[in-house]
Amino acid sequence: MDITHILDGLNDRQREAVGAPIGNTLVIAGAGSGKTRVLVHRMAWLVEAQGVSTHGLLAVTFTNKAAAEMRQRTEALLNTSARSMWVGTFHGIAHRLLRMHYKEAGLPQAFQIIDSDDQLRLIKRVMRSLAIDEQKWPARQAAWFINAAKDEGKRARDVPSGDDLFQIAHKKIYRSYEEVCDQGGLVDFAEILLRSHELWLNNADLLSHYQHRFGHLLVDEFQDTNTIQYAWLRVLAGKTGRVMAVGDDDQSIYGWRGARVENIHQFSRDFAPINTIRLEQNYRSTANILIAANKLIGFNADRLGKELWTEDGHGEPIRVYSAYNDLDEARFVVERAANWIDQGGSPDEVAVLYRSNAQSRVLEEALLQARIPYRIYGGLRFFERAEIKNALAYMRLLHDRHSAVAFERVVNLPPRGIGDKTLEIIRAEARRRNVSLWQACKDGIVAGAFKGRVANAIINFLKLVDDLAEIALDQALHEIAETCVSATGLIDYHSKESGERGLARKENLEELVSAARQFTGDLVFPTMSAATQSQDRLPEAGSALEAFLDQVALDSGDTQTETGPALQMMTLHSAKGLEFPLVFLVGLEEGLFPHRMSADEPGRMEEERRLCYVGITRAMQELYLTYAETRRLHGTDTYNRPSRFVGELPAEVLEEVRMRGAISRPMGGMNSRFFEEPVEGGLHMGQRVKHAKFGEGIVMQCEGGGDRARIQVNFENAGAKWLMLGYANLAALD
DNA sequence: CGGGGTAGGTTTTTT
DNA sequence: ACCTACCCCG
């Protein structure tokens, strides 16, 4: 077979990776070095040059988007629709295994995936029934604890008991939560992975079947794997599987949610002997951008080591702008973005990246004013919106009348007179007799347990759902969706909500119906979403609803409908994997980026630096870094020094932007160098100081001298205070 | 039962 | 500043 089209157009390193001898391979792929390309070509090479069946390939990614892209590009390269090839997210693939082998996994056939929102509700209920004080142990924290344990492969019984109250309380919650999930056939995200790992450990035959089937495993973004994902992979690979892991330790930015960069190191040991290949040639950015990125990331210790280079020229310098405040920063960004567009650039070539979502607001207003079209990524995902989840809950009830999660959600939505009191009675009855909430209602009505208005309300609800289910039998998926949106009264209820919200919710519900229509279309002509669908049990008409509900649980429906070119705004985290000709990295201030929450633990600071590295390496041609001396955050003004990351960049590729025309600055002494300007008493502007009574704060300004010198300090807890320098007795912290 | 007021809490996000 | 979750009252 002619395989030149697979190896042509690759550089030496890429070709080395694609054609690496069959065996375990680690590809350290720097930003913009063509890592997806390598993965895709490797798969094509295995198939066409090595005669491996697409049936024996398993490719794992983290996001549905990445999985879809990989499948699509591989199919394009192979010029076939490789439906037998397993390409998906860790969760998607593990879920598919659980559906196929639910019995061996100890799950009911109708097990239901719950999202983090459902999970939190459930945990709250569990805590209430355990009479655990939610003030003392916030439910969010408990959810975090449980998920972290599961990510580490630990069941409640595996959690060390310990003698501190925190551990005891959380272990108790975990155990009880586990019970509730088991009873209701509920599977949270972490559970999908944990359970499918156990599925293999407990079923040797099954494991050996899959080990035999998947002779070649490919893993994308390997630095983002957590303990359970790594274990899962290791078990599946066994002694015979060949793994190609592609990743970049310098782009590991998800340590805070359990990802372990160490897995890259571990891989070399557990999968020895391995072939390591580095991809360092960058095809994305100018040399100046890469010089800056290399220098910055050099401040981190324990790297595998890697230096990006390019054949391209130096390009523009990296421009640094010191804004007076966040509004000035936004104004600057918008002005420069407008210039880009005026000079013939497209808005969608421009990205504004920030550390936290709260920063988008000012920028948004400025863009609105300048009439630059923009799109904000992040925020609530489509299928996570309350109104959508309500409609989906009705759809689930039609499919499975016994789903407690769905029942709880819509039993009184729109309001129909079944309140907390009544619900509590239903719950208690269901628990006592060990039946579903639905069943408890039905039986309760027969037994005459409810009176008058309440009884009527319940009867009406039961009848509504039963009737709709009856109708749904002859309906296509999108018609069922339509029914659940309209006939339930949801759309009327939601559109009546105040102001813009009502309109938005109405539109979202309509969008759901078209998503359902789209989904049915995809079943007939599998396209992108096929990546997450289970191809082994496709279109039987009756299962379309089931398939839709599953799909929706694992795919947040992020596919935004493109409406013309728009400037992109997103957090640094969501920018990973993307590239833009013009990038603005805003809010480079100590406390914001690096974020103050990451200041204490040393590992976290390095992760912040990697985040900055990710941000810088998104830029292809031009990069702007901005920071503001004053920023309004959570309603109060904060005063921060420029980020240490700015100082870590090589001066020779930076250029400070000075604005034409003076900007009025209310106080003297607040210029761009304020962090270096001396104040008396060995303190300087922006210095962190500690006061006996007010705690820690930052020096903002000073006036006067000698005995009358006064200093303004913005305290974290006490706010801004003017103090007499002579009496304040401030301790310098830096 | 349901709407409205208030207290609390605000890094990052996928599945 | 703003959103959300919960509590209290009509």
Side-chain angles (χ1 to χ4, degrees), chain A residues 60-67 88-95 113-121 124 128 134-135 138-141 144 147 150-151 187-194 221 224-226 228-229 253-259 326 353-359 361-362 377-381 383-384 386 412-423 453-454 457 493 496-498 501 532 550-558 570-577 587 591-599 604 607-608 610-612 614-615 631-638:
Chain A
V60 204
T61 64
F62 278 83
T63 66
N64 290 302
K65 199 173 145 207
T89 62
F90 275 102
H91 289 86
I93 286 165
H95 170 244
I113 298 170
I114 57 171
D115 68 11
S116 12
D117 195 58
D118 299 327
Q119 184 188 37
L120 192 65
R121 284 161 186 274
K124 280 184 178 163
R128 242 163 261 174
E134 274 185 68
Q135 298 298 105
R140 292 201 160 279
Q141 205 174 13
W144 188 271
N147 290 332
K150 288 191 179 188
D151 285 347
V187 174
D188 61 43
F189 290 133
E191 181 75 25
I192 295 175
L193 299 173
L194 179 53
E221 306 277 17
D224 287 338
T225 51
N226 63 27
I228 191 72
Q229 285 160 337
I253 55 175
Y254 287 111
W256 53 274
R257 64 174 201 214
D326 45 348
L353 311 180
Y354 35 78
R355 176 67 235 266
S356 63
N357 286 309
Q359 290 169 253
R361 192 172 229 99
V362 227
Y377 286 79
L380 217 42
R381 297 189 147 54
F383 291 123
E384 282 167 8
N412 199 31
L413 217 112
R416 52 171 66 89
I418 306 175
D420 265 347
K421 267 257 169 60
T422 312
L423 200 50
R453 272 220 308 243
V454 173
Y493 171 73
K496 283 198 191 86
E497 283 180 73
S498 60
R501 185 123 110 199
T532 43
D550 269 348
Q551 155 102 356
V552 149
L554 286 175
D555 186 345
S556 41
D558 243 351
M570 65 191 84
T571 63
L572 287 153
H573 284 90
S574 19
K576 193 166 79 156
L592 187 62
F593 187 32
H595 201 277
R596 53 175 58 78
M597 301 298 283
S598 300
R604 303 299 296 277
E607 184 156 311
E608 294 279 316
R610 291 194 291 267
L611 195 53
C612 188
V614 166
R631 181 179 297 277
R632 212 174 174 87
L633 214 56
H634 313 310
T636 45
D637 288 330
T638 53

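In this text, all values refer to a predicted model and were calculated from it rather than measured experimentally. A, B, ... follow the sequence lines: proteins, then strands. Residue 1 opens every chain. Below, each value reflects all heavy atoms present in this structure, side chains not excepted, and no hydrogens, waters or symmetry copies.
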**Report entry** Nearest-nucleotide pick for A:T571, side chain only, options being B:dT11, B:dT12, C:dA1
**Finding:** B:dT12
Query raised in the report: Given that A:P415 and A:F62 both sit by DNA chain B, which one's nearest nucleotide is further toward the 5' end?
Result: A:P415
Query - A:S574 side chain, from C-beta outward: closest of B:dT11, B:dT13, B:dT14 - result: B:dT13
Requested in this report: May I ask you to evaluate whether A:K576 reaches the phosphate of B:dT13, defined as a side-chain N or O under 4.0 Å from OP1 or OP2?
Outcome: no
Requested in this report: Starting from C1' on B:dT13, measure out to CH2 on A:W256 and report it in whole angstrom.
Outcome: 4 Å
Report task. Answer yes or no: does a side-chain N or O of A:R361 lie under 4.0 Å from OP1 or OP2 of C:dC3? Result -> yes
Query raised in the report: Contact class for A:T422 (heavy atom, under 4.0 Å): base, sugar-phosphate, or nothing?
Result: sugar-phosphate
Query raised in the report: For the pair made of CD in A:E134 and C1' in C:dA5, what is the distance, rounded to whole Å?
Result: 10 Å
Query raised in the report: NA contact type, A:E384, heavy-atom cut-off 4.0 Å: base, sugar-phosphate, or nothing?
Result: base
Report task. Give the rounded distance in Å between these two atoms: CD of A:E191 and P of B:dT15. Result -> 19 Å
Query raised in the report: Between B:dT15, C:dC6, B:dT11, which one does the side chain of A:F189 approach most closely?
Result: B:dT15
Query raised in the report: Can you check salt bridge (Lys or Arg N to Asp or Glu O under 4.0 Å) on A:R604 and A:E607, steps first, answer last?
Result: CA-CA 5 Å; A:R604 303 299 296 277; A:E607 184 156 311; 5.1 Å; no
Report summary line: DNA chain B nearest-nucleotide lookup for A:M597 and A:H91: closer to the 5′ end is A:M597
Query raised in the report: What about A:R140: does its side chain form a donor-acceptor pair under 3.5 Å with the base of B:dT10?
Result: no
Requested in this report: Please state how far atom CG in A:L120 lies from atom C1' in B:dT13, giving the value in whole angstrom units.
Outcome: 15 Å
Requested in this report: Taking the side chain as every heavy atom from C-beta outward, state whether A:M570 and A:L353 have any pair of such atoms under 4.5 Å apart.
Outcome: yes
Report task. Please assess A:R381 against A:D115 for the test salt bridge (Lys or Arg N to Asp or Glu O under 4.0 Å), listing each intermediate value before the final yes or no. Result -> CA-CA 12 Å; A:R381 297 189 147 54; A:D115 68 11; over 6 Å; no
Report summary line: Whole-Å distance, A:H634 NE2 to C:dC2 C1', equals 10 Å
Report task. Would you please name every residue forming a side chain to side chain contact (heavy atoms under 4.5 Å, CB included) with A:W144, sequence neighbours left out? Result -> A:W256
Requested in this report: Answer whether the closest heavy-atom distance between the side chains of A:E221 and A:T61 falls below 4.5 Å.
Outcome: no
Report task. Would you mind reading off the distance between A:D118 atom CG and B:dT15 atom P, rounded to a whole angstrom? Result -> 16 Å
Report summary line: Rounded to whole Å, the CD1-C1' distance (A:I192 to B:dT14) equals 11 Å
Query raised in the report: How long is the line joining CZ of A:R257 and P of B:dT11, in whole Å?
Result: 17 Å
Query raised in the report: Nearest to the side chain of A:N412, which nucleotide is it out of B:dG2, B:dT13, B:dT15?
Result: B:dG2
Query raised in the report: Reckon A:I418 touches a base, only the sugar-phosphate, or nothing at all at heavy-atom distances under 4.0 Å?
Result: sugar-phosphate
Requested in this report: State whether A:N357 places a side-chain N or O below 4.0 Å from either non-bridging phosphate oxygen (OP1 or OP2) of B:dT13.
Outcome: yes
Query - Stacked pair A:H573-B:dT12, distance under 5.5 Å, angle under 30° - result: no
Query raised in the report: Just to confirm, is there a sub-4.0 Å distance from OP1 or OP2 of B:dT14 to any side-chain nitrogen or oxygen of A:N64?
Result: no
Query raised in the report: If you take atom types as modelled and just measure distance, does the side chain of A:S116 reach the base of B:dT13 with a donor-acceptor pair under 3.5 Å?
Result: no
Query raised in the report: So do A:I253 and A:H573 actually touch side chain to side chain, heavy atoms under 4.5 Å?
Result: yes
Query raised in the report: What does A:R453 touch in the nucleic acid at a heavy-atom separation under 4.0 angstrom: a base, only the sugar-phosphate, or nothing?
Result: nothing
